Structures are given as structure tokens and as C-alpha cells.
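Here's the structure, in C-alpha cells; my notes come after.
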Amino acid sequence: MSAARSLSLIAIVAFAAACRPASPDPPQECSERDPAARGCEAPANKTPGDPDPSAAALRINCDAGHAPSCNDLGLRRMEGKHGPRDPAAALALFQRGCDARLAAACANLGAMHLRDKDGMVPDLARAVAAFTRACDGGDPSGCANLGTLYGTGAGVPLDYPRAVSLFERGCTGGSAQACANLGQAHETGVAGQRDPALAAQYYERGCAAGSSDACAFLGGCTRRAEASPRISSERSS
């Protein structure tokens, strides 16, 4: 069974300019996720020409308590895959997945609660609660986004040490954005003493993991290092 995915709906660097969200991977079909799950045979029984026959399988699985199916169907409704976008339906599906203790669904739920478009009204308290559940459940994007909230004081007291700790958890878990944020923390001194060399290491890690922001920050570090004057000592004759 493949690991459930998180949809990066927010991408805020706590210590730098706003960054761009990474595009999520396309949803996996029910048969690829869990062939034994109830309802995976549904697509074969659907009427030819159905615009989204596999969604029926995901719906059946979700109704049966299969949290990854709720999460995948929520992603489809959020992204408008094989049908119109329906953020309200996505929110409800992510809630069901989160209630079933799927960390990725909790991360998606938190991101939805930060949306200020598509008729959604931001709810910072619920976003914090969802990201906390996601991070505690092992979802690195949940840790990254929760760290951003603590690093900006959005919905929670401003707490740089906690933000840095959350970025460390997220980066270790594989969140490219968390690595970018952690690099910013070390470059600006929020994490303690300024350490451009350590910041560059985190930027490299985030860049390799797919964060365009980490790549841009790394490029900036490199340019600044190359522009720094080099002082050489002269030997007296």
C-alpha cells in the first residue's frame, strides 16, 4: 500500500518572502492503493462513459472507513480531477480522513482551513489543531506548516524555537519546504547564531527534494559568498 499524500495548499516561509506551493502528485487509483479494499472492483461495474468511475470506488471505500480513500477523493475534489472542483466537499472528506487518524488527511484539512478563496473562510484555530494532529501523526508537511504558524505568530503565540524544532522534524521527515524554512532560520539567526554555511546545507537538501524556494535561497547564498571580499595577508620581505 502506498503512503497517503498531503496537498500543499499553503507555502509560507516564516523568515522570508512568500514562496510557491509545489504541485502535488496525481492521485493514485484505488486498485493501485489497496487492491483488497472494499469497492475497488466498482470501476469495472460502472456504465461506460462515466466521467470518473474510479471515484465511485474511492467513495465506497471512504464510506467503509478507509481513510486513504477519503483523502484521495478529497484531493480529486480539490484539484478538479475528472470533474468540477468542490472545495467544500474536499474539506468534508479531509475531515473524515483526519478523524480516522490519517496524518496526511489532517495536513490537508489544516491547509483547507487556511484558504481565503473558493468561498472558504480561514479558521486559524482549526488549522493549528489539524496541523498538530498531522505532525504528531508523522506527516512532515504538517510539521512544516505548523512551524510556519509558530514562526509568524498566526493563530498561535510567536515562538521561534518551537518553529525551528518543527521545521527540523519536517525536514528530517522529507518536507522540502521545511528544509527551506530551516535554512532561512539559520541564515537569519532566528535559530540562534547566524550560520550561513549550515543554512546552505539545508537549502541544498530542500532544493534536492524539490523546493524551488530552497534552490533560490541557495543561489542567493552562493552569490553572496562569491561577492564577499577575500582578505589575504602579505608576507614582509
Side-chain angles (χ1 to χ4, degrees), residues 2-28 67-68 71-72 74-75 78-79 94 97-98 101-115 124 127-152 154-156 159-188 190-191 195 198-221:
S2 303
R5 299 178 297 106
S6 292
L7 177 64
S8 297
L9 296 179
I10 67 168
I12 307 170
V13 177
F15 315 111
C19 52
R20 298 166 296 281
S23 299
D25 296 330
Q28 298 182 26
N71 186 62
D72 278 6
L75 288 169
M78 188 63 242
E79 299 165 356
F94 292 144
C98 185
R101 299 183 180 181
L102 181 66
C106 294
N108 292 339
L109 180 63
M112 291 295 291
H113 281 307
L114 291 181
R115 292 184 70 84
L124 288 173
V128 170
F131 287 141
T132 299
R133 293 180 68 181
C135 185
D136 289 345
D139 186 274
S141 69
C143 297
N145 289 337
L146 185 60
T148 293
L149 297 183
Y150 277 102
T152 56
V156 291
D159 190 335
Y160 287 145
R162 187 165 186 180
V164 171
S165 176
L166 288 163
F167 291 150
E168 289 174 343
R169 289 175 65 182
C171 183
T172 299
S175 168
Q177 191 62 56
C179 294
N181 289 1
L182 190 56
Q184 284 280 282
H186 284 290
E187 184 174 7
T188 61
V190 167
D195 192 335
L198 183 58
Q201 292 179 25
Y202 284 117
Y203 291 153
E204 288 179 355
R205 189 168 176 177
C207 183
S211 169
S212 58
D213 300 291
C215 296
F217 296 150
L218 178 61
C221 280

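Below, all heavy atoms of this structure are taken into account, side chains as well, without hydrogens, waters or symmetry copies. This one's a predicted model, so the numbers in the text were calculated from it and none came from an experiment.
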Any idea which heavy atoms bring [X] and [Y] closest together, and the distance?
{"X": "Ala103", "Y": "Ala134", "answer": "O-CB, 3.4 Å"}
{"X": "Ala185", "Y": "Val164", "answer": "CB-CG2, 3.9 Å"}
{"X": "Ala178", "Y": "Cys171", "answer": "CB-N, 3.4 Å"}
{"X": "Ala104", "Y": "Asp139", "answer": "CA-OD2, 3.5 Å"}
{"X": "Ala105", "Y": "Gly97", "answer": "CB-C, 3.5 Å"}

Using modelled atom types only, decide if a donor and an acceptor are shared between the side chain of Ser165 and the backbone of Pro161 within a distance under 3.5 Å.
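Checking the backbone N and O of Pro161 against the side chain of Ser165, no donor-acceptor pair under 3.5 Å is found.
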
With a 3.5 Å distance limit and no angle check, can you tell me whether Arg169 reaches the backbone of Cys135 through a side-chain donor-acceptor pair?
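Here the side-chain-to-backbone pair exists.
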
What orientation do Tyr203 and Phe217 show, parallel under 30°, tilted 30 to 60°, or perpendicular over 60°?
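Tilted, since the angle between the ring planes falls between 30° and 60°.
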
Going from [atom1] on [X] to [atom2] on [Y], what distance comes out if it is rounded to the nearest 0.5 angstrom?
{"X": "His186", "Y": "Phe167", "atom1": "NE2", "atom2": "CZ", "result": "11.0 Å"}
{"X": "Gln177", "Y": "Thr148", "atom1": "CD", "atom2": "OG1", "result": "7.0 Å"}
{"X": "Leu166", "Y": "Phe131", "atom1": "CG", "atom2": "CZ", "result": "11.5 Å"}

With side chain to side chain contact (heavy atoms under 4.5 Å, CB included) as the criterion, how do Met112 and Met78 come out once you've worked through the C-alpha distance, each side chain's angles and the decisive distance to 0.1 Å?
CA-CA 9 Å; Met112 291 295 291; Met78 188 63 242; 3.3 Å; yes

